[in-house]
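Naming: A, B, ... by sequence-line order, numbering from 1 per chain.
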Amino acid sequence: MPFVSGIDTAMSRLLSGLLKALDSDEREAVSGDLLEARESPSASALQVLGLILKRQLDPWAGWRPWLLLITVALPLAVALSQATREFAGWSAIYSWMLINNTDAALLRSAGFWSGVRENSWKIGEFALVLFCCSWACGRLIAQLSRKAHMSMAFLFVLTSLFVLIAGIPSHARAILVHSNDRYFPNGAVFANAFYRDWFPLIVYAITVLVPLLLGFAHAEPAVRRPKALRVFFYCSTALVAVGLVEQPWLLMEMWSWQMIPVRFLTLPSLLPVASIGPACLLVIDVGRRSIRLRSNRSTRWTDTNWSQSPER
Amino acid sequence: MIGEFEYLLIAASHRLGEDAYGASIRREVEAATERPCSIGSLYTTLDRLEAKGLVTTWMGEATSQRGGRAKRMVTVTAKGIEAASIFYRAISKVSRDISWEAQCPLSQE
């Protein structure tokens, strides 16, 4: 029965993927129990899925995850998502200018290529800034939410996606900021379905979703890091949070809703500076992981050679 | 007071003694209740019981019968025995003078 065996193979893969979500000791005990019970791969996958869901839902009976969700995860999700919307907006305009309005005469112009260089640098720089900030946010939330980190990640992604698609309540005539885009002076750009609907999602996936999940994966609460690194991480993440809060769009909203009873001020953007700390930590983390991976590989290679050696 | 499922786990672990671990407790509970016992309920309840100090658990040694995987061994503490006996006493008290077997329509069929 090739169909049945195909399902079993897929379920076995799913099962091993699900088992990875458990702590190492629990993974060991549960996979042994499942082997002993001789259940089918699909029944075993369901059992493990049930355990993961219970493990993720259990902490929500206490107050800690709720406090973290309301005070840290949701505000960061909204701020990060809105920053991505803003970024997707202006980078869509530059991209439209460079890609959709190019002809042979323009390609021969030195000024055009200077514009390409300048704008590409601007877009790449801010994408990198957002990438590092999202990574820091993911790692912070994973570290603080501990056992509920998967459900917290799910809620974070859900909220940020909602804000990306629907926008936030604005002082503008339309309730949602995003619905105003087509009446923007750059309406021609957003009349194009790609720049209006797909481009923000692509930018979100690259600059928020991927680094956020990386940050969650890099958190490893069981691994004790040096105190200096921990302090550096918390300080740089606090700076990222301040950088996200003092963005012009948020200050403008608060000012226009008269939440701030002072004259509107445009503050210098802190985000590029704030992203330096997470960028350094990201490089350190990736470096450590590749060294660990290489040493694991070499150990396995030595073991294999040792067991295959003819003298033994 | 502990719950019904918590009592089942404590009783099964105590009965099994040194052989009490995840899979054997699950088998014991399923045999007693004639209903499936999910791994999710088993392990989350064991965690809760351990947090309350009613059982202690530790990782046993790896055995070849389970593909070299270690077992999560369980022992009932003195506090666990006390909690189970309080539950049992309450159930026995509230059920005195009732003959469920005689009144159960399914057993009469």
Side-chain angles (χ1 to χ4, degrees), chain A residues 8 11-65 145-151 154 221-222 300 303-304 307, chain B residues 2-6 8-9 12-13 15-16 18-76:
Chain A
D8 277 356
M11 283 297 165
S12 301
R13 278 194 194 142
L14 177 70
L15 177 63
S16 51
L18 287 171
L19 280 168
K20 278 180 194 155
L22 301 173
D23 292 342
S24 58
D25 276 355
E26 190 155 61
R27 180 164 55 233
E28 180 96 355
V30 169
S31 51
D33 287 357
L34 290 171
L35 266 179
E36 217 179 306
R38 291 175 190 279
E39 287 189 38
S40 66
S42 48
S44 302
L46 271 178
Q47 293 277 355
V48 177
L49 189 65
L51 176 61
I52 293 168
L53 284 177
K54 271 183 189 289
R55 283 256 176 274
Q56 288 302 310
L57 290 176
D58 258 8
W60 292 91
W63 55 271
R64 276 170 194 273
S145 55
R146 294 172 193 173
K147 284 186 174 174
H149 67 285
M150 273 196 256
S151 45
F154 176 73
R300 224 178 293 153
D303 287 352
T304 321
S307 62
Chain B
I2 56 171
E4 150 210 336
F5 191 65
E6 289 175 330
L8 283 172
L9 291 196
S13 309
R15 247 172 76 89
L16 288 161
E18 286 184 358
D19 286 331
Y21 64 94
S24 67
I25 297 170
R26 192 173 164 220
R27 273 196 300 269
E28 196 77 3
V29 171
E30 282 182 340
T33 58
E34 294 174 8
R35 286 175 63 186
C37 165
S38 77
I39 283 186
S41 310
L42 177 81
Y43 278 102
T44 48
T45 311
L46 276 180
D47 281 356
R48 202 164 52 241
L49 290 175
E50 193 169 26
K52 287 180 188 171
L54 306 180
V55 300
T56 49
T57 72
W58 73 96
M59 291 304 287
E61 281 182 16
T63 52
S64 57
Q65 69 180 102
R66 290 156 55 93
R69 268 110 176 162
K71 296 169 181 172
R72 185 175 173 187
M73 309 302 293
V74 182
T75 308
V76 182

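Interface residues of residues 23-31 of chain A toward chain B, defined by a heavy-atom distance below 4.5 Å and sorted by number: A/D25, A/E26, A/E28, A/A29, A/V30, A/S31.
Listed options A/L34, A/L35, A/L46 were ranked by heavy-atom pairs under 4.5 angstrom with chain B; first place goes to A/L35.
If you measure heavy-atom distances from A/L51 to chain B, the contacts under 4.5 Å come from both the backbone and the side chain. For chain A, the nearby parts of B/S41 are the backbone and the side chain; heavy atoms of each come within less than 4.5 Å.
Taking 4.0 Å as the cut-off between side-chain N and carboxylate O, A/D33 and B/R72 do not count as a salt-bridged pair.
Contact of the B/Y43 side chain with the A/R55 side chain is registered, since non-hydrogen atoms from C-beta on lie closer than 4.5 Å. A heavy-atom distance below 4.5 Å is found between the side chains of A/M150 and A/I52.
In terms of the side chain to side chain contact (heavy atoms under 4.5 Å, CB included) criterion, residue partners of A/E36 (sequence neighbours excluded) are, by chain and number, B/Y21, B/A23, B/R27, B/Q65, B/R66.
Between B/V74 and B/S13 the shortest heavy-atom distance is CG1-OG, 3.8 Å.
Note on residues 38-49 of chain A: pairs passing salt bridge (Lys or Arg N to Asp or Glu O under 4.0 Å), not counting sequence neighbours, are A/E39-B/R26.
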Would you mind writing out the side-chain donor-acceptor pairs for residues 12-21 of chain A within the sub-3.5 Å range, not counting sequence neighbours?
residue: A/S12; atom: OG; partner: A/D8; partner atom: O; Å: 2.8
residue: A/S16; atom: OG; partner: A/S12; partner atom: O; Å: 3.2
residue: A/S16; atom: OG; partner: A/R13; partner atom: O; Å: 3.0

